[in-house]
Amino acid sequence: MKELAAKYSAAQVEDKWYGWWLEKKFFHSEPDSREPYTIVIPPPNVTGILHMGHVLNNTLNDVLIRKARMDGKNACWVPGTDHASIATESKVVAKLKDMGISKDSLTREQFLEHAWQWKEEHGGIILEQLRKLGCSCDWDRTRFTMEPALSEAVINTFVYFYKKGWIYKGVRMVNWDPEALTAVSDDEVIHRDTQSHFYHLKYYIADSEGRPTDKYLVIATTRPETIMADAAICVNPADERHHWLRGKQVLIPLINRAIPVIEDDYVEMDFGTGCLKVTPAHDVHDYEIGLRHNLPVLDIIDEHGRLNEKARILVGEDRFVARKKIVKMLEEAGNLVKTEAYTSPVGYSERTNAVIEPRLSAQWFLKMESLAATALETVESGRTRFIPEKYMNTYRHWMENARDWCISRQLWWGQRIPAWYLPDGSFVVEANADAALKAAQAINPDIKAEDLRQDEDVLDTWFSSWLWPISVFDPLRPGHPEHKPNADLAYYYPTNDLVTGPDIIFFWVARMIMAGEEFMGREPFSNVYFTGIVRDKLGRKMSKTLGNSPDPLKLIAEYGADAVRIGMLLCSSAGNDIFYDEAQIKQGAAFCNKIWNSYRLVKGFAVGGSQSEVARLAVKWFESKLSQTIAAVEDHYRKFRISDALMAIYKLFWDDYCSTYLEAVKPAFGEPLDADTHAATLSFFDSLLRLIHPVMPFITEELWQDIAERREGESIMFAPTPKAGEVDAALLEDFALAMETVNAVRGVRNQRNIAPKECLNLLVKGSAFPDATIPLVEKMAACKVEKTEAFESAQGVGFMVRTYEMFVSLDGMVNLEEELEKAEKELEHQLKFLAGVRAKLSNERFTAHAPAAVVETERKKEADSLSKIESLQAKIKALKNN
RNA sequence: GGGCGGUUAGCUCAGCUGGUUCAGAGCACCUGCCUUACAAGCAGGGGGUCACUGGUUCGAAUCCAGUACCGCCCACCA
């Protein structure tokens with residue numbers, strides 16, 4: 001780099017270095033004697049594209065991994081993608097639909113061919129995008145949850161749990177998504193309060209022949225379209241209002257099917273009419289009542305959410321259309337007593353937003369009780385730590401109430417359930433068809449391969465991603481506890497940190513802990529850092545429909561990846577939602593430019609001459625300041641306060657290094673800088689670059705390569721994190737006092753519009769003012785300092801810096817009236833302050849109870865205040881005499 | 001309905017086990033500067049009854065209780 005441009009342009013720099021890092025395989029990790037530091041990426045959906053949430057998450061991951069690498073650890077960040085069963089399948093279905101092909105018309109094999117093709121075309125785009133962001137993933141280790149080895153791991157796991165007796169198949173009421181045509185787990189259902197209606201319907205009592213009488217009862221329902229599936233009317237046995245109904249049969253309106261009146265505690269007497277229609281096929285609670293009372297189950301809604309022929313009326317109508325129509329029919333038939341507006345929680349599918357239909361079907365479940373108990377202990381014992389800690393409560397609550405996990409999905413894209421059915425309907429569970437055949441033949445020797453039929457369902461995506469921290473290293477291990485972990489797994493597991501959103505704490509985090517404990521006997525990661533959700537600056541969630549989600553790649557193209565990374569981190573204090581504002585990224589870009597330009601200055605220094613006192617002081621001061629900040633930054637990192645770490649570095653660079661240090665050592669125009677200071681200045685710059693590198697990898701590599709001769713293949717990526725040295729607290733104190741003085745003088749200058757070049761005379765009263773800092777004050781404030789015991793003339797501006805009275809002489813430029821007024825105001829304030837302190841000190845209970853140190857500071861306050869008052873009074877007197 | 005968390009400057013947030021002259025930071029804002037690294041900059045400045053009400057204490061932004069509002073999680077009274 002010969003000439004440095006006045007402005008930093010990120011685009012070329014970033015591509016250049018990323019390409020070089022890749023070429024040198026700097027991101028690749030193999031087990032060795034160093035301490036490992038491991039992160040597995042939260043695998044994005046294979047067909048996903050980068051959004052701001054990914055940017056935040058992966059920036060944090062990259063900061064952690066780069067930091068660890070510079071700390072001398074063997075850093076390994078395993079990237080990869082998730083096959084995302086429902087999401088991907090629905091995308092493929094949509095694409096086929098565009099092509100005029102319906103999924104129904106395809107065989108499973110044909111469909112999967114399309115799906116794989118789609119995956120080949122669109123898969124992994126997001127991984128390419130992560131490179132633009134600067135992520136230092138070990139790309140050679142890229143994994144996909146549905147690649148053969150990982151799929152095998154999933155199947156083995158299923159077989160393992162089945163043989164352990166923890167996986168069972170059962171007919172249960174599940175959450176059915178009529179759009180995706182699959183069951184979804186409880187966690188994939190979002191309940192939202194929804195406006196609907198409460199329909200009060202008359203059910204006439206039947207006589208002994210089953211004919212309607214003129215007596216009736218009234219039930220209240222939100223789902224009148226399901227009345228044809230009613231199996232009973234239920235009342236609370238304690239409800240005397242309904243005792244007359246005991247033993248009676250009532251007739252379902254419109255179809256006049258007779259059903260019994262039963263009694264069950266479940267019914268709330270004071271809700272609705274106290275009469276509940278029981279529809280076992282279409283409501284979870286009703287199903288349970290049905291089981292208790294042995295009621296028949298009549299399923300009148302098909303997989304698409306339409307009424308089937310068992311409904312007898314409105315056959316083929318969608319459930320919501322049917323609802324409208326049947327209300328009208330009921331009204332006409334005189335069964336509708338009244339309609340009330342009613343708001344109740346309704347379950348929606350997280351994926352398709354379709355209203356979930358409780359549906360009875362055969363599904364596979366994994367028992368959660370033992371797994372959840374173990375996983376709870378992992379976190380409670382602190383072996384896995386949650387940051388922020390508040391998520392422990394949520395976690396505990398869920399773990400203590402975990403219900404069995406519905407792991408089957410009625411989809412094709414995913415790992416197919418390894419259960420094979422015999423012609424008699426029984427089944428065997430084995431890892432593959434051959435083993436299944438053997439197992440089947442053990443039951444019935446006549447069975448041939450073609451007699452076996454594999455289960456049509458696939459497994460929930462999370463049933464594969466919960467193995468991720470294990471399977472990315474050694475896919476053989478899950479399901480085979482006897483398999484000795486391979487070298488990678490033994491070395492990299494458990495991983496160190498996991499960065500993810502709190503929205504998948506149950507889906508993924510909890511289950512990884514379960515799998516980790518089950519298959520490895522220990523936690524999969526030490527820390528889980530939960531980020532917030534990225535929102536726009538109005539606080540709205542980013543979404544496609546709102547169009548408030550910027551394209552990260554455009555931002556990177558415009559501002560540079562470093563700027564985007566900084567921008568995201570600046571607004572992301574741990575555990576809070578992130579309010580994204582492009583202004584933050586602009587701030588990041590400004591910071592890049594600041595670094596760039598400071599380097600132009602540093603690089604441009606000519607070397608020569610001897611070290612000035614100011615320079616010597618500044619060098620010593622910055623050494624301490626740097627050490628102090630490094631210690632603070634390390635502490636922030638330990639606590640995962642990444643934005644605080646960044647801010648500390650930001651201020652160190654901008655305020656301390658640029659505004660203070662460089663201004664202090666900067667020689668007069670045309671003069672050289674002495675060799676010692678020059679060396680120190682470069683060395684500081686080098687330390688600063690290393691400190692910032694994890695956050696801003698590109699610009700730091702660019703400048704680090706230029707600041708000194710580097711060996712072939714040497715990168716800042718492996719340069720050690722600067723270590724904190726000694727901190728000279730007294731020096732920092734003195735320097736701070738000096739800079740406050742400078743600040744005050746500059747203030748005087750500013751107020752009176754005195755040119756920066758014009759040298760002022762500064763009188764400082766008090767011999768204790770540190771002499772060593774005087775040259776600094778003189779240079780930085782462009783003044784001549786004189787220590788004195790008393791001020792003779794009042795021609796100028798007086799002020800206090802801490803306990804020092806100071807005075808800038810300004811002949812003829814001062815309004816004495818104003819000065820007097822100011823001094824009197826200050827005196828008044830000081831007197832009040834003193835009174836407060838004295839009130840405290842004269843309070844015996846205070847002096848008796850408060851620790852000595854606290855009392856001591858109060859005494860100091862009193863003394864300081866007294867001396868200030870004395871000075872002020874003298875000043876006022878002088879002003880008045882003038 | 002149950003649980004958890006929050007309320008500090010215009011905005012986003014720090015403020016650890018009560019006590020350094022404690023009310024802070026960044027951004028935004030105001031004033032003055034094209035000063036020979038940087039106007040994506042430099043120098044300076046204003047701004048808050050720490051949600052409200054009580055309590056504990058010599059002393060409360062900090063601890064306790066209640067109130068109001070906000071957010072999140074869990075939960076299908078049909």
Side-chain angles (χ1 to χ4, degrees), chain A residues 4 6-8 175 186 189 191 198 219-223 234 266-268 270-273 275-279 283-286 342 344-347 356 358 388 390-398 401 502-503 505-506 533 537 539 559 563 570-573 575-579 581 583-584 586-604 639 641 643-644 647-648 650-651 658-659 662-663 666 669-670 743-744 746-751 753 755-757 802 833 836-837 840 843-851 853-858 860-861 864-865:
Chain A
L4 283 170
K7 284 195 162 55
Y8 172 64
N175 308 297
D186 292 337
V189 179
H191 293 281
F198 218 15
I219 59 100
T221 181
T222 53
R223 300 205 59 190
C234 189
Y266 170 77
V267 179
E268 299 284 336
D270 52 4
F271 188 81
T273 62
C275 295
L276 170 72
K277 77 183 198 65
V278 184
T279 319
D283 183 279
V284 186
H285 291 122
D286 290 11
Y342 184 65
S344 62
V346 172
I356 290 296
K390 65 177 175 184
Y391 289 109
M392 277 226 7
N393 293 323
T394 317
Y395 181 79
R396 182 181 308 111
H397 182 81
W398 192 77
N401 298 287
D503 49 332
I505 184 168
F506 307 131
I533 293 164
K537 62 179 165 183
Y559 299 103
L570 278 174
C571 54
S572 62
S573 55
N576 294 318
D577 280 357
I578 281 78
F579 292 87
D581 185 348
Q584 314 265 16
K586 289 190 172 140
Q587 193 186 341
F591 188 41
C592 287
N593 201 46
K594 184 71 184 177
I595 294 173
W596 182 260
N597 277 296
S598 64
Y599 184 66
R600 288 175 66 208
L601 175 68
V602 167
K603 192 180 160 71
K639 293 172 179 158
R641 304 169 69 132
S643 64
D644 288 348
M647 189 43 69
Y650 179 91
K651 284 197 277 194
C658 293
S659 300
L662 286 180
E663 291 302 328
K666 194 173 174 181
F669 183 61
N743 198 313
R746 284 171 173 173
V748 169
R749 203 185 279 283
N750 238 307
Q751 255 173 33
N753 230 332
K757 280 177 203 154
R802 298 193 187 177
F833 180 78
V837 173
K840 218 173 189 181
N843 183 341
E844 268 177 45
R845 281 183 302 182
F846 170 70
T847 45
H849 291 264
V854 174
V855 177
E856 199 42 52
T857 58
E858 288 305 314
K860 175 89 163 52
K861 281 190 210 172
D864 287 352
S865 179

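As a basis for the values below, the full set of heavy atoms in this structure was taken, side chains included, without hydrogen atoms, waters or symmetry mates. Throughout, protein chains are lettered first and strands after them, A, B, ... in sequence-line order, and every chain is numbered starting at 1.
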Just jot down the ring pair (Phe, Tyr, Trp, His ring centres under 6.0 Å) partners of A:Y266, sequence neighbours excluded, or say none. A:H285
Please give, in whole Å, the distance from B:C27 C1' to A:Q584 CD? 7 Å
Rounded to the nearest angstrom, tell me the gap between atom CG in A:L570 and atom C1' in B:C11. 14 Å
Does any part of the side chain of A:N597, heavy atoms only, come nearer than 4.5 Å to the side chain of A:R600, both counted from C-beta? yes
On a whole-Å scale, what distance lies between the P atoms belonging to B:A9 and B:A61? 15 Å
Does B:A25 have OP1 or OP2 under 4.0 Å away from a side-chain N or O of A:R641? no
Separation of B:G24 P from A:K651 NZ (nearest whole Å): 13 Å
Set of residues satisfying ring pair (Phe, Tyr, Trp, His ring centres under 6.0 Å) with respect to A:F506, sequence neighbours excluded: A:W398
Report the C-alpha separation of A:L662 and A:V602 in whole Å, then their side-chain angles, then the decisive distance to 0.1 Å, and conclude whether the side chain to side chain contact (heavy atoms under 4.5 Å, CB included) test is met. CA-CA 8 Å; A:L662 286 180; A:V602 167; 4.0 Å; yes
Between B:U35 and B:C29 - P atom distance, rounded Å: 22 Å
Integer angstrom distance from the C1' of B:A65 to that of B:A25: 33 Å
At under 4.0 Å between heavy atoms, how does the protein contact nucleotides 69-78 of chain B? Give one character per nucleotide, 5' to 3', with B, S or -. ----SSSBBB
Could you measure between the two P atoms, the one in B:G15 and the one in B:G19, and give it in whole Å? 14 Å
Contacts of A:T222 meeting side chain to side chain contact (heavy atoms under 4.5 Å, CB included) (sequence neighbours excluded), chain-then-number -> A:S196, A:F198, A:Y342
Reading RNA chain B 5' to 3', what string of ( ), [ ], | and . shows its pairs, if Watson-Crick and G-U wobble pairs count only when both distances fall under 3.5 Å? (((((((..((((.....[....)))).(((((.......))))).....(((((..]....))))))))))))....
Where along nucleotides 33-46 of chain B does protein come under 4.0 Å, by heavy atom, of base (B) or sugar-phosphate alone (S), with - for untouched nucleotides? ---BBB-BSSBSS-
Separation of A:Y395 atom OH from B:G5 atom C1', in whole Å? 20 Å
Pairing residues for A:K860 by the side-chain hydrogen bond (donor to acceptor under 3.5 Å, both in side chains) criterion, not counting sequence neighbours: A:D864
Could you work out the separation of B:A28 and B:A40 based on their C1' atoms and round it to a whole Å? 16 Å
Taken in chain and number order and not counting sequence neighbours, the residues that satisfy ring pair (Phe, Tyr, Trp, His ring centres under 6.0 Å) with A:Y559 are none
C1' atoms of B:A60 and B:G41, separation to the nearest Å: 43 Å
Among all residues two or more places apart in sequence or in another chain, which pass the salt bridge (charged side-chain N to carboxylate O under 4.0 Å, His left out) test with A:D283? none
Pick the P atom in B:G48 and in B:A23, then give their distance to the nearest Å. 13 Å
When rounded to whole Å, the NZ to C1' distance for the pair A:K639 and B:A14 reads 12 Å
Taking side chain as C-beta onward, heavy atoms only, is A:Y8 less than 4.5 Å from A:I595? no
Value in whole Å for how far the P atom of B:G26 lies from OH of A:Y650: 9 Å
Going by the rule side-chain hydrogen bond (donor to acceptor under 3.5 Å, both in side chains), which residues pair with A:N393 if we only count those two or more places apart in sequence or in a different chain? A:R396
A:T221: side-chain hydrogen bond (donor to acceptor under 3.5 Å, both in side chains) partners, not counting sequence neighbours: none
Using atom NZ of A:K390 as one end and atom P of B:C4 as the other, report the distance to the nearest whole Å. 14 Å
Measuring only the P atom in each nucleotide, how far is B:G10 from B:C30? A whole number of Å is fine. 15 Å
Not counting sequence neighbours, which residues clear salt bridge (charged side-chain N to carboxylate O under 4.0 Å, His left out) with A:R749? List them please. none
